[in-house]
Amino acid sequence: MGRLALTNLIMNTDINPGPIVSVGIMEGRDQLRGWLDGRFRTEGGACLSGGFVAQTRDGQVIVSDEAGRAVARSPALRLSAEGHALLHLFGVVIGSRFHWERPEDQTFQGNLLILPRPDGTITAINEVPVEYYLTSVISSEMRAEGPLEFLKAHAIMSRSWLMAALERRKEPCRARPSARNVGSDSTDEIMRWYEREDHHLFDVCADDHCQRYHGITKIISPQAEVAVKATSGRVMTYRGAICDARYSKCCGGLTEDFKTAWEDRDIDYLTSISDASVSHLPCPTEEQATRWILAEPDAYCNVKDNRLLESVLPDFDQETKGFFRWTVGYTRHELEDILTAKSGINFGSLLDLTPLERGPSARISRLRIVGTERTITVGKELEIRRWLSRSHLYSSAFTVQTRRGSDGLPEIITLHGAGWGHGVGLCQIGAAAMASRGFSCEQILSHYFRHIAIEKVY
Ligand SMILES: [Zn+2]
Ligand SMILES: [Zn+2]
């Protein structure tokens, strides 16, 4: 069914499939195993199909068939799909480094580009038109059984994000640093955030860092296809430029400012809003944040209806329970072990966690970690979430409760938190809830992204 739906989309010539996007599927692997379902052609004209293994040797990619015979060799190997040929890749890791990480066999349309890396590993890239990519993203990010206006809003938002990224790659010289992460590290302050400039060999990766793209492995629901077609070529713009639209799973009742998660600059359409029919005030101080997090405020994303959540969350996201408000507890030793493992720093005995700076949604952007050996201030929100959990903390909107022993040292450290993800831009759960209450796709987008327009760019 999944294949059929997308094949229909391809065959349907009434939509412009848009430009080609290159999506990084796998990196850092010794070999790539897969199955070519149909005919794929190399640039040298050879025709391949069936099972294959790709490896690198001396800067070349070597593809062998099932019998172990080398059938193609090149410094950068592109396999172009003919007709409706499909590509299956085995053991693709999804949710990399997050709590839902797992390997999956995945199926893709479009071409496969295999690149060798200097360290002898392989990078696998899928080249696919934007509209097909989006149909998959909608079905990978969400269950695609959610309300249609929500899926349409998601399609416009995901397309905007992607088209803005493609535009930026065209710029001859990028103003921002292209390191793996940006920020500033000093001996006692580590400020990091992660941007898409991470990717040099392809436009976007297939995981949560960019947008989840699991090919056509999952059933592509007719709803997702309808949503992409109904919004084909449409993006959000702000003063004539395509919006770099951001989104996360659940804001917790207030969305966050762009600069709490990334670079220090204000972006009008990525400014905090109250995700509710009533107006909640921003909570940047400790007192406000504590009151906010320990409350159960009325908000679009404070969803009690499990059926709505089931209709929008993929199975592996439904494993995450209670994300509007949540609690995580550690013994001091547990947290010390996690901190050392994740930061590589020995803090000695942990004495205190002190939030120094919060955004309007109560998300911490600077956290001081006080130990007997070291005291370090860490930021921004994602780095804080990484350091304080074996996988990732749901969000950095938390308050710290410490139970101390007779020696004054913490015994139990409890984090009470709000929301799931960075909270900037659209709140996926809130948007789905708005759609189920009858809001239109345009109303949903202009609720989360202030002062935007919707325009057709192709
Ligand atoms: Zn990425
Ligand atoms: Zn929300």
Side-chain angles (χ1 to χ4, degrees), residues 21-28 93-98 123-126 133 137 140-141 150 153-154 157-158 161-162 164-166 168-169 178 180-182 193-214 244 246-256 262 270 272-280 282-283 292-293 296-304 308-309 312-313 323-326 359-363 382 394-395 397 417-437 439 444-445 447-449:
V21 54
S22 63
V23 191
I25 306 295
M26 278 197 214
E27 281 188 287
V93 174
I94 65 165
S96 180
R97 296 190 301 273
F98 284 88
T123 299
I125 297 165
N126 182 210
Y133 164 83
V137 165
S140 309
E141 281 278 347
F150 163 64
H154 210 301
M157 173 180 69
S158 292
W161 177 88
L162 179 66
L166 295 183
R168 257 201 314 278
R169 282 186 84 87
S178 55
R180 165 113 192 99
N181 55 62
V182 280
W193 61 93
Y194 299 81
E195 273 292 359
R196 281 182 305 270
E197 281 75 9
D198 283 5
H199 304 312
H200 300 289
L201 301 174
F202 42 82
D203 298 321
V204 292
C205 70
D207 225 329
D208 293 77
H209 170 263
C210 289
Q211 302 197 90
R212 284 184 192 169
Y213 169 72
H214 298 165
D244 180 10
R246 309 278 168 134
Y247 59 91
S248 65
K249 201 63 76 184
C250 173
C251 71
L254 287 162
T255 69
E256 191 44 78
W262 297 285
L270 297 178
S272 174
I273 56 112
S274 166
D275 192 17
S277 52
V278 292
S279 166
H280 295 299
C283 301
W292 172 249
I293 291 166
E296 271 272 335
D298 179 38
Y300 291 128
C301 54
N302 186 1
V303 174
K304 300 280 195 285
L308 177 67
L309 293 180
V312 295
L313 289 178
F323 43 78
F324 184 74
R325 291 293 180 271
W326 47 265
S361 79
R363 281 174 173 77
L382 185 59
Y394 290 156
S395 86
W420 179 6
H422 52 66
V424 180
L426 181 137
C427 165
Q428 289 173 303
I429 300 295
M434 284 183 79
S436 75
R437 293 192 196 182
F439 287 96
I444 294 169
L445 291 173
H447 166 69
Y448 291 105
F449 303 99

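All values below come from the heavy atoms of this structure, side chains included, with hydrogens, waters and symmetry mates left out. We count ligands from 1, going down the list as the structure has it; atoms in each ligand are counted the same way.
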- Item | Identified side-chain hydrogen bond (donor to acceptor under 3.5 Å, both in side chains) partner of Y247 from the options H154, Q211, Q428 | Q211
- Message: Quick check with a 6.0 Å cut-off and a 45 degree axis cone: is R325 positioned over the face of W292's six-membered ring?
- Response: yes
- Query: Which atoms of the protein, restricted to N, O or S, are nearer than 2.8 Å to the Zn ion (ligand 2)?
  - Reply: C251 SG, D275 OD2, C301 SG, C427 SG
- Task: For the pair R246 and E256, find out whether any cationic side-chain nitrogen is under 4.0 Å from an anionic carboxylate oxygen.
- Result: no
- Query: If you stand at the Zn ion (ligand 1) and look out to NE2 of H199 and SG of C205, what angle do those two lines make, to 10°?
  - Reply: 110°
- Message: Please find the pair of heavy atoms, one from C427 and one from C250, that lie closest to each other, and give the distance.
- Response: SG-CA, 3.7 Å
- Task: Could you label the plane-to-plane angle of the Y133 and Y213 rings as parallel, tilted or perpendicular, counting under 30° as parallel and over 60° as perpendicular?
- Result: tilted
- Plane angle bin for W420 and Y394 - parallel if under 30°, tilted between 30 and 60°, otherwise perpendicular: tilted
- Query: Any donor-acceptor pair under 3.5 Å linking the side chain of W262 with the backbone of Y194?
  - Reply: yes
- For the Zn ion (ligand 1), the closest N/O/S atom belonging to H209: ND1
